[in-house]
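Contents: one structure, followed by commentary.
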Amino acid sequence: MQHRKLTFIGAGNMAQAIIAGLVNGGYPADRIRVCAPSATRRDALAQRYGVISSDDNLAGAQDADVVVLAVKPQLMASVCEPLRGLLNVPGKLVLSIAAGVSVARFQALLGEPLTLVRIMPNTPSLVGKGMSGLYAPANVSAEDRAFSAELMQSVGKVCWVEQESGINGVIAAAGSAPAYFFLFMEAMQQEAIRQGFTPDSARQLVQQAALGAAALVEASPDTPLATLRENVTSKGGTTAEALRVFNEHQLTQTVADAMQAAVHRAQEME
Ligand code: NAD
């Protein structure tokens, strides 16, 4: 991976996850600057990873080859306003990890021509198991695409979407998805407690079952998910009985409705 000069605008959880992945993967810390108003937060990152800490977004943006916009979507306009004219210059790559802020919106905020890649990561990036979707308009070079993908590969896996609207699909299928699994696991933990397990034991049972299921899926890339399910479902057995109840309550349709609601919300935010 090229060691371009990187500036993160924002020192939150997601910036930290990516910085950790990069530095642990051998990216030189002195090529990474992190800009945020809160000294406590950015200095903690500087101390932990050896990156440069600054409260000067303008200098950080000007000095970098790649600027990662990592603030909350509702702050993006006020953060971008002072950077107008600084990022739409040749050789500068801008990466946004914010949900619901479109390329067109960034062009309006920062000026054109802008070389910008939209990235939608998820929280398992914090433990190196992230899933990020990337979208790049036609003006982004193959080299910049490769760099963007490599950056996110430092915290997990990546996939490209052809249309910008595909980012909303990534939100529904991966960005918001950890919460779906947490909800499912919470419900299982609660019922295991009701059946007599301590909260710790209940959590361990559910957690290990979830990890095991995910590991089996990962270890069987050519096996359809339905086959994996059928493999643990003996006719007339306990699993079949549990799945019958899920079906009666239309779990598949509920999941579809929930994912469509996530896409819808993402569209509303744009
Ligand atoms: P966070 O709240 O943890 O961090 C936001 C950071 O922005 C803070 O460090 C804050 O100090 C900094 N900030 C605030 N105002 C600033 C300013 N004027 N200049 C520079 N920095 C400023 O948020 P997060 O969870 O890291 O999310 C960051 C972005 O990543 C968001 O746009 C979010 O949509 C996106 N994202 C997050 C997740 C997630 O699961 N956490 C997933 C996908 C995308």
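These values consider heavy atoms only, across backbone and side chains, with no hydrogens, waters or symmetry-generated copies. Fair warning: this is a prediction, and the values are worked out from it, not measured in the lab. Atoms within a ligand are numbered from 1 in the order they appear, just like the ligands themselves.
- Ligand 1 has an N or O atom lying under 3.5 Å from an N or O atom of V71, backbone or side chain.
- Hydrophobic clustering (ILVMFWY, side-chain heavy atoms < 4.5 Å, transitive): V94 and V140 are in distinct clusters.
- Aromatic rings of F106 and Y135 (six-membered ring for Trp) have centroids beyond the 6.0 Å cut-off, not under it.
- For the residue pair Q190 / E186, no side-chain donor-acceptor distance below 3.5 Å is found, with atom types taken as modelled.
- Distances below 4.0 Å separate heavy atoms of L75 from the following atoms of ligand 1: 14 (C), 15 (N).
- Ligand-side atoms of ligand 1 in range of V79: 17 (C), 18 (N), range being under 4.0 angstrom from any heavy atom.
- For atom 5 (C) of ligand 1, the closest non-hydrogen atom of the protein is A70 O, 3.9 Å.
- Residue contact check: A11 has heavy atoms under 4.0 Å from atoms 6 (C), 8 (C), 9 (O) of ligand 1.
- Within the 4.0 angstrom cut-off, atom 10 (C) of ligand 1 has no protein heavy-atom neighbours.
- Considering backbone and side-chain atoms alike, N57 places an N or O below 3.5 Å from some N or O of ligand 1.
- Distances shorter than 4.0 angstrom occur between a heavy atom of P37 and an atom of ligand 1.
- If you check which protein heavy atom lies closest to atom 2 (O) of ligand 1, you get K72 CE, 3.2 Å.
- Using bins of under 30°, 30° to 60° and over 60° for the plane-to-plane angle, the ring pair Y27/F147 lands in the perpendicular bin.
- With a 4.0 Å heavy-atom cut-off, ligand 1 is reached by no atom of Q16.
- Side-chain atoms of V68 and L95, non-hydrogen and from C-beta on, do get closer than 4.5 Å to each other.
- In terms of polar-atom proximity, P121 is not counted as a contact of ligand 1, lacking any N or O under 3.5 Å from an N or O of the ligand.
- Q204 and D200 are not linked by any side-chain donor-acceptor pair at a separation below 3.5 angstrom, with hydrogens and angles left out of the test.
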Quiz item: Would Q16 and R48 count as a side-chain contact (heavy atoms from CB on, under 4.5 Å) if you check the C-alpha gap in whole Å, the side-chain angles of each, and the deciding distance to 0.1 Å?
Solution: CA-CA 10 Å; Q16 175 169 359; R48 184 151 177 197; 3.5 Å; yes
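- Summary of contacts: the protein heavy atom closest to atom 1 (P) of ligand 1 is G12 CA, 3.8 Å.
- Less than 4.0 angstrom separates some heavy atom of I97 from each of these atoms of ligand 1: 29 (C), 30 (O), 35 (C), 36 (N), 44 (C).
- Set against the non-hydrogen atoms of I9, the atoms of ligand 1 under 4.0 Å away are 20 (C).
- Among protein heavy atoms, the minimum distance from atom 12 (C) of ligand 1 is reached at G10 CA, 3.8 Å.
- Remark: ligand 1 atoms within the under-4.0 Å shell around heavy atoms of A99 are 34 (O).
- Minimum heavy-atom separation, P121 to S125: CB-OG, 4.1 Å.
- Remark: minimum distance from atom 40 (O) of ligand 1 to any protein heavy atom is reached at T123 CG2, 2.9 Å.
- Considering backbone and side-chain N/O of M14, one or more are found under 3.5 Å from N/O of ligand 1.
- Looking at D144 and R4, a side-chain N of the basic residue comes within less than 4.0 Å of a carboxylate O on the acidic one, giving a salt bridge.
- Residue N13 places at least one N or O, backbone or side chain, under 3.5 Å from an N or O of ligand 1.
- Listed by atom number, the atoms of ligand 1 under 4.0 Å from C35 heavy atoms are 20 (C), 21 (N).
- Cluster membership for M120 and L75, using ILVMFWY side-chain heavy atoms within less than 4.5 angstrom, is shared.
- Residues T115 and N139 are in side-chain contact: their nearest non-hydrogen atoms beyond the backbone lie under 4.5 Å apart.
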Give the table of side-chain donor-acceptor pairs shorter than 3.5 Å for residues 219-231, with sequence neighbours excluded, one pair per line with atom names and distance.
unit_1, atom_1, unit_2, atom_2, d
S220, OG, L216, O, 2.6
N231, ND2, T227, O, 3.4

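- Between A36 and ligand 1, no N or O atom pair is found at a separation short of 3.5 Å.
- Close contacts of ligand 1 with P73, meaning ligand atoms under 4.0 Å from a residue heavy atom, involve 31 (C), 32 (O), 34 (O).
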Which atom pairs, donor and acceptor, lie under 3.5 Å between side-chain atoms of residues 154-169 and protein residues at least two apart or in another chain?
unit_1, atom_1, unit_2, atom_2, d
S154, OG, L151, O, 2.6
E164, OE2, V103, N, 2.8
E164, OE2, R118, NH1, 2.8

